[in-house]
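Order of the sequence lines sets the chain letters (A, B, ...), proteins ahead of strands, with each chain counted from 1. Computed from a predicted structure; not experimentally measured.
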Protein chains: 2
Amino acid sequence: MSDLKKIRNMEEFAAVSGISRPTVSKFFHDPASVRPSTRHRIEEALDRYDYRPNIYAVNQNRQLTKTIGVVVPYLADPFFAEIARKIEGRCIEAGFSPSLFSSHGQVELEVEILDTLRSMKPAGVLLAPLGRSSDKNAIERFCKDVPTVLFDSNIAGMGEAFVGSDNFSFVSQSVEYLCRTGEPPCFFEMRDPANPNAHRRRTAYIDTMEALCHVPIVVKIDGKGWNFEEIGYQGALEALSERKLVTDTVLCSNDRLAIGFLAACYEKGIRVGKGDGCALRVAGHDDHPFSRFTCPSLTTVAHNYDLVSSQGVKTVIRLMESGGRFGKRTEAVFPANLVLRHSA
Amino acid sequence: MSDLKKIRNMEEFAAVSGISRPTVSKFFHDPASVRPSTRHRIEEALDRYDYRPNIYAVNQNRQLTKTIGVVVPYLADPFFAEIARKIEGRCIEAGFSPSLFSSHGQVELEVEILDTLRSMKPAGVLLAPLGRSSDKNAIERFCKDVPTVLFDSNIAGMGEAFVGSDNFSFVSQSVEYLCRTGEPPCFFEMRDPANPNAHRRRTAYIDTMEALCHVPIVVKIDGKGWNFEEIGYQGALEALSERKLVTDTVLCSNDRLAIGFLAACYEKGIRVGKGDGCALRVAGHDDHPFSRFTCPSLTTVAHNYDLVSSQGVKTVIRLMESGGRFGKRTEAVFPANLVLRHSA
DNA sequence: CACGAAACTTTGCGCGCGTAAAATTTCCTT
DNA sequence: AAGGAAATTTTACGCGCGCAAAGTTTCGTG
């Protein structure tokens, strides 16, 4: 705290601590790699003078950084905000410094971020791509240069591994539950979803419905961009007024659409829930952080946020330790958990 | 795209483009600073070989980086996610590269981020501190070293400037509106809010109520952390069952508390809104991204997100151009806009 | 065509640190 | 007390680029 003298570089810091610069360098690389006695002397000097190695000089000369890049498609989506939060925590625990980027839903930004990231020489990258709209070539080139683990959205062949949730597990659970406890659901989704998970969910819906000997009904709504609540809201207003919903049960592709759907129902005076006097059942997928607080609270299927984030970080660290390449691409998908609330 | 030869550094790139290295260096610093003809030659080489200057080498040698640090207290709060998104956009427009950090509600992390940021030598920093729980000394020391503009939460004397919203404008508008159209509101807030805005809002509530010759009633609820919806929900359940609410109108300190409040009301079967048959009016502050989709939709007072983010970035850029110091600390607070929806 | 300013090239140093090799010291073992 | 392995110091080089000074070319102007 009391800086008697301004320390300008490691040379000067080594001088005041009475240790040679190369040893100090080793210390900062790994404090356990030096003799306890010298370690104490350095640490003593460290709280007399507050010195930190120049990260740019360090990273320029090190072949491998201690940075882990984290890229999400849209950080203003609480789902990604939450998963990013957990991932950052895991990275710090593991002794790395996370560097967080959001593509903000724009392809050009995603490409730009990838270029920036490449020049940052990160030890590894956890990438949740935009999905269908991503520049596949750019991502492929990036993955060639940087040890990358994909998460959330799987794009075939990209990256050394994928970590995410099992879409079939999501949808089969919700469909089975809804069929068991009432009318079979129709499936409410965007006409042209950017996220590949949406497609897998629709397929899973159709398959599960057919397996249960029901006729699948997919309701597609228009809308672009990442403002899913608004899209769900508008789509619901339209679907409700045009009576597109053949059944009294609606399964939304994700919770954000469902949140919009519930808002529309409330406005139209349609009572949602599973009890008597309810006209409609609505369920979603993802267990969005706010789905507990919708009216009524949203029945949904939950990601295992903790498992996905911790496995994602573990996988990328394992990848780094394997020299940036796995023998073959691995895909780890985790099952989801049905969360029963009041909306269905 | 077709890399005939791997470019390892600026030396090699200068060679293949037929321009000297110092000029190429100038080009990357500012493309307009070189003659158009040489600029074209460099740009041609640039798409034949994909080369980017080593950011670490660049930043080590440059006194001033092109980075703008952005720190928010809790990124999983959609309000901060949204404002961070807009700030990032403005930074990129202005030719800087934003570097985003979230304190995740933890003081130690905030201090750690500040230390990391200091060593990054950013051109400027936009800092939204945790608030009361922040380590004031750490922030003060940081602001001495790095040109910093505070936003959202004002801490007296810290940073060279503050940009935020006018809390009095928020609350006076909501209180006046509510008093004009029905019973005067009670004020619903956390007992021990971390954010200094909360205190200013309570004061503004009391002042406005007294100016309108009403007795202010503050309802304080327990709860810690950043899970405001849950805190609002639990607090509302308690307040409703214990009949702490003396009036039929509740003004929540922020929208996230209001979202929890509405969830509790729905669960209790209490009809919220301003029409006949409604038992309670509920309003909030902030115009949280999801307040459009609550049930009923939330009447609130909106930040001018665009103005706050653009002014924040403009201010920090002006600060950098002023050499990192303003003559005296400036405080820019922007008025808020009342947004009438269905809840009050 | 001459002239001067602007742009460019050449040359060379420095930034702060990683890292390797050889010499020296420290520490633990027998 | 001797021996040897481990840790440390010394010495030295390199990373990729910013930046400054001096010399050379380019360009627009009269």
Side-chain angles (χ1 to χ4, degrees), chain A residues 5-46 49-67 97 115-116 118-121 123, chain B residues 5-46 49-67 97 115-116 118-123 145:
Chain A
K5 196 171 81 179
K6 278 280 178 187
I7 304 295
R8 307 200 151 277
N9 52 37
M10 194 181 281
E11 195 83 50
E12 291 187 13
F13 179 75
V16 299
S17 65
I19 307 289
S20 74
R21 190 178 67 77
T23 304
V24 172
S25 172
K26 259 187 82 179
F27 167 86
F28 279 110
H29 193 173
D30 176 14
S33 69
V34 301
R35 198 186 300 153
S37 62
T38 60
R39 178 174 170 178
H40 287 134
R41 290 172 64 187
I42 294 178
E43 280 167 344
E44 269 174 25
L46 210 48
Y49 308 83
D50 62 333
Y51 162 76
R52 293 194 105 190
N54 181 314
I55 50 170
Y56 298 114
V58 170
N59 288 330
Q60 176 179 19
N61 294 307
R62 241 223 271 287
Q63 63 293 4
L64 210 62
T65 318
K66 272 288 188 182
T67 326
S97 32
D115 278 338
T116 304
R118 189 199 317 264
S119 74
M120 283 176 67
K121 296 188 293 185
Chain B
K5 197 170 83 180
K6 279 280 176 186
I7 304 294
R8 307 200 149 275
N9 52 36
M10 194 181 281
E11 195 83 50
E12 290 187 14
F13 179 74
V16 299
S17 65
I19 307 288
S20 74
R21 189 176 69 76
T23 305
V24 171
S25 173
K26 260 188 82 179
F27 167 86
F28 279 110
H29 192 176
D30 176 14
S33 70
V34 301
R35 199 185 299 154
S37 61
T38 58
R39 178 174 169 178
H40 287 134
R41 290 172 63 187
I42 294 178
E43 280 167 345
E44 270 174 25
L46 210 47
Y49 307 83
D50 60 333
Y51 162 76
R52 292 194 107 191
N54 181 316
I55 52 171
Y56 299 115
V58 170
N59 288 331
Q60 176 178 20
N61 295 306
R62 239 222 270 288
Q63 64 295 3
L64 210 63
T65 317
K66 272 289 188 180
T67 333
S97 31
D115 278 339
T116 303
R118 190 200 315 265
S119 74
M120 284 176 68
K121 295 188 295 185
D145 296 355

Short side-chain N/O contact to D/dA7 OP1/OP2 from A/Thr23, under 4.0 Å: no
Side chain of B/Ser25 - closest among D/dC15, D/dT10, D/dG18: D/dG18
Interatomic distance where NE2 belongs to B/His29 and C1' belongs to D/dA20 [whole Å]: 15 Å
Touch class at under 4.0 angstrom, heavy-atom based, for B/Phe13 against every strand present: nothing
Protein-nucleotide distance (A/Tyr56, atom OH; D/dG18, atom P), rounded to Å: 14 Å
Below 4.0 Å: OP1/OP2 of D/dC17 and any side-chain N or O of B/Tyr51: yes
Per-pair distances, 0.1 Å, donor-acceptor, side chain in residues 12-22 of chain A, under 3.5 Å, sequence neighbours excluded:
from, atom 1, to, atom 2, distance (Å)
A/Glu12, OE1, A/Arg8, N, 3.1
A/Ser17, OG, A/Phe13, O, 3.0
A/Ser17, OG, A/Ala14, O, 3.1
A/Ser20, OG, A/Thr23, OG1, 3.1

Atom pair NZ/CD of B/Lys121 and B/Gln60 - distance to nearest 0.5 Å: 7.0 Å
Sugar-phosphate only, base, or nothing, as touched by A/Pro22 at under 4.0 Å among non-hydrogen atoms: base
Touch class at under 4.0 angstrom, heavy-atom based, for B/Phe27 against every strand present: nothing
Chain A contact limits on DNA chain C, taken 5' to 3' with a cut-off of 4.0 angstrom to heavy atoms: C/dG16 to C/dT26
Euclidean distance, B/Lys26 NZ relative to B/Thr38 OG1, rounded to 0.5 Å: 9.0 Å
Sugar-phosphate or base contact per nucleotide [nucleotides 24-29 of chain D; S, B, -; heavy atom under 4.0 Å]: --S---
